[in-house]
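Okay, so here's the structure we're looking at.
Just so we're on the same page: letters track the sequence lines, and every chain starts at 1.
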Protein chains: 2
Amino acid sequence: MIKINTKLLLGDCKEILKTLDSNSIDLIITSPPYADRRKHTYGGIKPEKYVEWFLPISEELLRVLRADGTFILNIKEKAENGERHTYVLELILALRKQGWLWTEEFIWHKKNCYPGKWPNRFRDAWERLLQFNKTKKFKMYQEEVMVPIGDWAKDRLKHLNEVDKIRDNAKNGSGFGKNVSNWLNREKAYPTNVLHLATECNNKNHSAVFPEDLPKWFIKLFTKEGDTVLDPFMGSGTTIVVAQRMKRNSIGIDILPEYIEIVKNKTSPVQYYLVEEKGIYETNKYKGCTKIC
Amino acid sequence: MIKINTKLLLGDCKEILKTLDSNSIDLIITSPPYADRRKHTYGGIKPEKYVEWFLPISEELLRVLRADGTFILNIKEKAENGERHTYVLELILALRKQGWLWTEEFIWHKKNCYPGKWPNRFRDAWERLLQFNKTKKFKMYQEEVMVPIGDWAKDRLKHLNEVDKIRDNAKNGSGFGKNVSNWLNREKAYPTNVLHLATECNNKNHSAVFPEDLPKWFIKLFTKEGDTVLDPFMGSGTTIVVAQRMKRNSIGIDILPEYIEIVKNKTSPVQYYLVEEKGIYETNKYKGCTKIC
DNA sequence: CCATTTAATGAATCGTTAG
DNA sequence: TCTAACGATTCATTAAATG
């Protein structure tokens with residue numbers, strides 16, 4: 001039996017994070033309140049104050065993350081008064097100064113972006129997914145996110161229904177437990193750093209702008225079953241829900257009791273699974289790093 | 001008759017630019033040598049020196065650009081030793097300090113990106129197309145780059161479900177485009193700030209990494225016939241060739257005589273066209289700005 | 001002459017070897 | 001202990017070759 005914990009913590013993550021153990025998290029994936037957005041829920045941080053506001057939090061994130069762990073930050077600067085703000089650029093520079101490595105910038109191409117029309121710009125159809133690490137030797141399971149090779153897009157147009165069924169099946173039995181290497185050799189290719197995902201429109205109470213596939217992709221890429229995922233700005237809990245479904249321990253923090261309640265109803269605090277053939281507690285390649293950092 | 005000039009200037013653009021008139025350019029679109037790239041052709045600028053190297057050039061660009069003109073900068077930071085360099089971020093901040101407005105960041109999604117496999121990252125499939133302006137009132141002809149809605153819908157069909165399709169229709173009917181000319185009303189939609197283009201594989205002598213569609217798109221978007229386009233790092237001249245074909249005046253600068261020769265063979269210095277029905281010298285909406293700035 | 005296969009080639013990045 | 005140079009890896013596209 002393996003035991004998966006899902007912890008939901010109420011409070012300001014700057015404070016709550018201090019209660020977490022050092023080097024205990026394998027993956028942080030979060031979408032913090034953008035500057036001046038979500039004023040009614042979060043404070044609504046002024047762009048000029050954004051870096052200053054974020055650094056104390058990221059300092060705690062740096063502490064709780066394992067040396068071979070990864071921090072994925074979903075963010076996009078707003079346009080205001082005809083210009084893009086620069087606080088995200090400044091944040092990247094500041095995080096590096098704080099000790100983070102800026103490893104990569106993935107692009108999330110939002111296929112169905114927010115509608116609108118302006119005389120001076122087009123609709124914004126992409127967001128940044130910034131990857132930060134503590135060390136250069138981080139865990140990365142690239143095979144887990146391999147995609148059907150080449151012109152799968154063309155094929156899908158021709159046989160739309162067929163392929164969609166296949167894709168659905170792949171989703172449901174999402175690859176774990178089976179020995180993948182057999183059937184994916186020349187059928188699949190590694191993805192790039194551009195992710196094409198549609199936002200999910202939730203007509204429910206709280207809109208989940210974050211599509212489930214996004215945390216799912218990064219959780220597959222950077223963690224194994226039994227690892228621990230953290231989202232310090234949980235919101236409606238997409239990351240936490242997906243993590244639990246994928247048999248990862250997870251910790252979600254939010255300042256609003258409302259969100260804690262919502263996610264509580266979508267998850268269970270403890271779950272048990274039968275151990276599969278290949279033990280989940282695999283030898284960690286980079287264990288040595290933990291002591292260094 | 002209208003007369004279109006195509007000037008090719010040999011030399012270091014930092015010096016050559018000084019010979020150009022102030023406020024004489026409608027669109028600058030260029031792809032400068034990236035840091036540490038093209039060592040054999042250009043010098044190969046060190047990442048640490050990149051901003052310092054670029055600023056004197058961009059100062060001249062700021063001078064020659066019209067107040068209602070636009071500057072499109074194609075660039076991407078390299079990854080080295082496990083980390084992305086930050087010189088592009090620093091360049092954006094420095095350009096703003098120099099007086100430029102950072103209006104937008106388009107994403108060029110390179111469908112056929114460079115191959116390769118590494119333990120710590122995927123292939124890099126995107127580049128930045130940074131838009132800078134002198135003033136907030138710049139020319140932008142959005143209707144010129146509208147895309148057939150069919151393609152758009154097709155593209156979306158690939159990844160979206162029924163609910164999303166319905167939402168699409170709601171979007172399309174949502175108001176804009178009434179004053180636009182008749183033939184594009186329900187056939188076309190505005191694009192977003194993500195461009196999907198493949199690099200052109202030139203097996204010829206000199207590779208044009210820049211696909212023709214890229215300058216074409218921006219020339220349509222930011223200029224009219226008879227306007228002037230500048231590329232201070234001309235290279236094999238994709239921008240210049242496209243500009244001439246689109247009946248725009250153009251100025252190309254390059255430090256290598258070789259490139260000047262190549263582009264000379266692909267263009268003619270002066271071309272004449274019959275004036276079409278709707279005069280090309282349309283009233284400029286933002287003419288007033290010229291005086292202000 | 002068209003449909004299909006094969007070959008060549010990049011604005012890449014990392015690890016290793018040489019100076 | 002550095003930096004510089006080279007090989008290995010990889011895939012979408014185009015050109016050339018094949019049937």
Side-chain angles (χ1 to χ4, degrees), chain A residues 101-107 131 133 135-138 140 142-143 145-155 158 184-194 196 285-286, chain B residues 29-50 53-54 72-85 87-88 91 107-130 195-215 231 233-239 254-256 259:
Chain A
L101 301 177
W102 182 35
T103 311
E104 181 58 300
E105 179 170 357
F106 293 85
I107 292 296
Q131 178 189 344
N133 291 93
T135 70
K136 287 168 188 169
K137 296 281 191 182
F138 51 87
M140 194 179 199
Q142 301 190 351
E143 316 76 34
V145 293
M146 291 184 87
V147 292
I149 202 162
D151 32 16
W152 62 285
K154 284 176 197 167
D155 283 332
K158 291 174 189 170
L184 55 63
N185 251 347
R186 288 184 189 170
E187 308 286 330
K188 302 208 166 191
Y190 293 100
T192 70
N193 59 358
V194 176
H196 299 269
K285 280 183 191 172
Y286 308 110
Chain B
I29 172 165
T30 197
S31 193
Y34 300 178
D36 277 353
R37 299 292 171 207
R38 296 206 187 172
K39 274 182 193 168
H40 52 293
T41 51
Y42 298 93
I45 304 100
K46 286 259 173 294
E48 301 78 22
K49 298 280 182 185
Y50 201 85
W53 168 79
F54 197 81
I72 298 292
L73 178 62
N74 169 226
I75 198 166
K76 180 67 191 263
E77 58 270 34
K78 60 182 293 197
E80 193 179 41
N81 203 12
E83 222 185 343
R84 287 256 166 231
H85 271 278
Y87 56 89
V88 175
L91 180 59
I107 292 296
W108 170 21
H109 171 41
K110 295 188 287 187
K111 293 182 58 185
N112 57 341
C113 59
Y114 209 87
K117 161 112 176 66
W118 311 274
N120 59 341
R121 67 178 64 251
F122 291 131
R123 290 171 300 142
D124 190 6
W126 65 279
E127 295 195 11
R128 303 179 194 278
L129 289 161
L130 302 166
L195 281 62
H196 299 269
L197 298 172
T199 57
E200 282 165 7
C201 276
N202 250 356
N203 291 341
K204 310 287 173 71
N205 303 333
H206 295 269
S207 62
V209 278
F210 221 59
E212 288 199 352
D213 283 342
L214 209 49
D231 185 349
F233 299 96
M234 181 179 63
S236 58
T238 310
T239 298
D254 208 285
I255 201 168
L256 297 180
Y259 279 128

Original post:
Nearest-Å distance, CD (Q142(A)) to P (dC11(D))?
Top reply: 11 Å
Original post:
Who passes ring-ring contact (aromatic ring centres under 6.0 Å, His included) against W118(B), sequence neighbours left out?
Top reply: none
**OP:** Ignoring the backbone of Y34(B), work out which of dA11(C), dG10(C), dC11(D) is nearest its side chain.
**Re:** dA11(C)
Subject >> N112(B) side chain, from C-beta outward: closest of dA12(D), dA11(C), dC11(D) >> reply: dA12(D)
Subject >> Between dG10(C) (C1') and K111(B) (NZ): distance, integer Å >> reply: 17 Å
**OP:** Would you mind classifying the nucleic acid contact of P191(A) as base, sugar-phosphate or nothing, using non-hydrogen atoms under 4.0 angstrom?
**Re:** nothing
Original post:
How does DNA chain C look in dot-bracket form if you count Watson-Crick and G-U pairs under 3.5 Å, write [ ] for pairs that cross, and put | where a base pairs with another strand?
Top reply: .|||||||||.||||||||
Original post:
From dA11(C), dT10(D), dA12(C), pick the nucleotide closest to the side chain of P115(B)?
Top reply: dT10(D)
**OP:** Report the nucleotide, chosen from dT13(D), dG10(C), dT10(D), that has the shortest atom-to-atom distance to any side-chain atom of Y114(B).
**Re:** dG10(C)
**OP:** Round to the nearest Å and state the distance from R128(B) atom CZ to dA11(C) atom C1'.
**Re:** 15 Å
Subject >> Identified side chain to side chain contact (heavy atoms under 4.5 Å, CB included) partner of L129(B) from the options I75(B), I29(B), N74(B) >> reply: N74(B)
Using a cutoff of under 3.5 Å, can you pull out all pairs of nitrogen or oxygen atoms linking the protein to nucleotides 13-15 of chain C, with atom names and distances?
residue: dT13(C); atom: OP1; partner: R84(B); partner atom: NH1; Å: 3.3
residue: dT13(C); atom: OP1; partner: R84(B); partner atom: NH2; Å: 3.4
residue: dT13(C); atom: OP2; partner: R37(B); partner atom: NH2; Å: 2.9
residue: dT13(C); atom: O4'; partner: W118(B); partner atom: NE1; Å: 3.3
residue: dT13(C); atom: O3'; partner: R121(B); partner atom: NE; Å: 3.4
residue: dT13(C); atom: O2; partner: W118(B); partner atom: NE1; Å: 2.4
residue: dC14(C); atom: OP1; partner: G82(B); partner atom: N; Å: 3.3
residue: dC14(C); atom: OP1; partner: N120(B); partner atom: ND2; Å: 3.2
residue: dC14(C); atom: OP1; partner: R121(B); partner atom: NE; Å: 3.0
residue: dC14(C); atom: OP2; partner: N81(B); partner atom: N; Å: 3.1

Subject >> Check: H196(B) main-chain N/O paired with K111(B) side-chain donor or acceptor under 3.5 Å >> reply: no
